[in-house]
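Just so you know, these numbers use all the heavy atoms, side chains as well, and skip hydrogens, waters and symmetry mates.
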Number of protein chains: 2
Amino acid sequence: MRNVPAKLAAKLYGAADLIADKGIADAKIEEIADASGVPIATLYYYFRGKEEILAFLLGDLLESIAGEVGAAMSKPGTAIDRLKWAVEAQMRVMLENPAACRALVGDLGRATRLPELATALESAFHQPLEQLLREGVEDGTLRAVQDPGKAALSVFGTITIAGLTGTVAQPEHAASYAQETVQAVCDLLLEGLRPRE
Amino acid sequence: MRNVPAKLAAKLYGAADLIADKGIADAKIEEIADASGVPIATLYYYFRGKEEILAFLLGDLLESIAGEVGAAMSKPGTAIDRLKWAVEAQMRVMLENPAACRALVGDLGRATRLPELATALESAFHQPLEQLLREGVEDGTLRAVQDPGKAALSVFGTITIAGLTGTVAQPEHAASYAQETVQAVCDLLLEGLRPRE
DNA sequence: CCTTACTTTGTAATTTGATTACAAAGTAGA
DNA sequence: TCTACTTTGTAATCAAATTACAAAGTAAGG
């Protein structure tokens, strides 16, 4: 994959909806070319094939999620605050790129099969979360869990499935859905299901 | 899709590993035929195409998860107990069918794009969980959350991503991984991250 | 045993798309 | 202006999925 110019990258997002709807396997390269306005030959000049186009889009998306989440987490505040901000940030980026997100769920499998993307996923979600959980124990705002790694993974699953399901379900109401989901997810994760006396 | 005889179904599971490894898109029909021991022509006699083979396997898997989870949930006990059992049951079925599970994560997108499978997912996971959450409020062992639907979705996400990631990561150590994951997931979901005074 | 309907499977097309090859412009900097 | 790289159209080439078709096989009913 050659270095992709910003202008080209922007055009490619025009095919995200298509890919999200049909999946990369069923989206014909010709359709991707039409939807994005990039000629087939140009696509093949930059990418090795269809898969790589998807990989580029997802990598780009994950990068921006990682960036936003990272920023949210490094603002000054307690760990619990920063956790909330991180969840909000993640949900916000998902909200801003619903199509790419849908493509991500849709081809999550492919994503995890591609080593670079797996790494990107890891650094976009798992690592920041795990670090945050550890910091929360230090500043006393979060409980010490036995296995921060698995807890981070669980939190990741919670946010991701909840967020993505919403994006998939109703792209139109995404905004309000995201807000409510942030609420529900934070509440569940922070307070747990067992009643507090 | 014709009614699939049990013997054929059993053979098909022989291709689950292949499909999990490469994804349905990259698994050639000829390879599926070899791996399962079912001739290509027979595959096309029963299924409309590759996709339908995957759909059948996933549907079958989801059905058994739904069955086990349902059974766990209807045993006598408090809601909190039954929640634990349900998580264990789900993890157990995943453990018993690692390949099919990996295929499920891998092609989760396809799964959610196929209406029947989306429905199966819904009744295998969401519905039982949501009901359980409501019952827990009644018997006092679970806290009332504002939005049981979203909470159920979150719980689903937690279990699924945590469980499936493990299956993907290390098929060999799946057993111990599952045990630890049940622990971590239950702990997180029940106690939450905020410290209890 | 014979007939019928369905199942099983092999082989030979057919079709669909992805990918590659190639060449003609276009463009920007040395 | 020369060179290197980019952009894109067109015409192959290739790989696989899918379909067509026919020859067996099988089981139930009469």
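- In this model, no donor atom of one side chain and acceptor atom of the other lie less than 3.5 Å apart for Q179(B) and Q183(B).
- Within residues 24-41 of chain B, the residues having any heavy atom under 4.0 Å from DNA chain D are, by residue number, A27(B), K28(B), I29(B).
- One atom, CZ of F47(A), and another, P of dT6(D), lie 13 Å apart when rounded to the nearest Å.
- Once rounded to the nearest 0.5 Å, the distance linking NZ of K84(A) with OG1 of T78(A) reads 8.0 Å.
- An OP1 or OP2 oxygen of dT7(D) is reached within less than 4.0 angstrom by no side-chain nitrogen or oxygen of Y45(A).
- In this structure, a donor-acceptor pair under 3.5 Å is present between the side chains of T158(A) and T158(B).
- Between dT20(C), dT7(D), dA17(D), one nucleotide has an atom nearer to the side chain of Y44(B) than all others, and that is dA17(D).
- Residues from residues 1-23 of chain B with heavy atoms under 4.0 angstrom of DNA chain C, sorted by number: R2(B).
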- prompt: Along nucleotides 25-30 of chain C, 5' to 3', which nucleotides get a B, which get an S, and which get a -, given that the test is a protein heavy-atom distance under 4.0 Å?
  reply: ------
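- Within a 6.0 Å sphere centred on CD of E30(A), other residues, nucleotides and ligands contribute 12 heavy atoms or fewer.
- Taking the ring centre of Y177(B) as origin, the terminal cationic atom of K150(A) falls inside the region bounded by 6.0 Å and 45° from the ring axis.
- In this structure, of dT9(C), dT7(C), dT7(D), it is dT9(C) that holds the atom nearest to the side chain of T42(B).
- Here E130(A) pairs with R134(A) in a salt bridge; the nearest charged N to carboxylate O distance falls below 4.0 Å.
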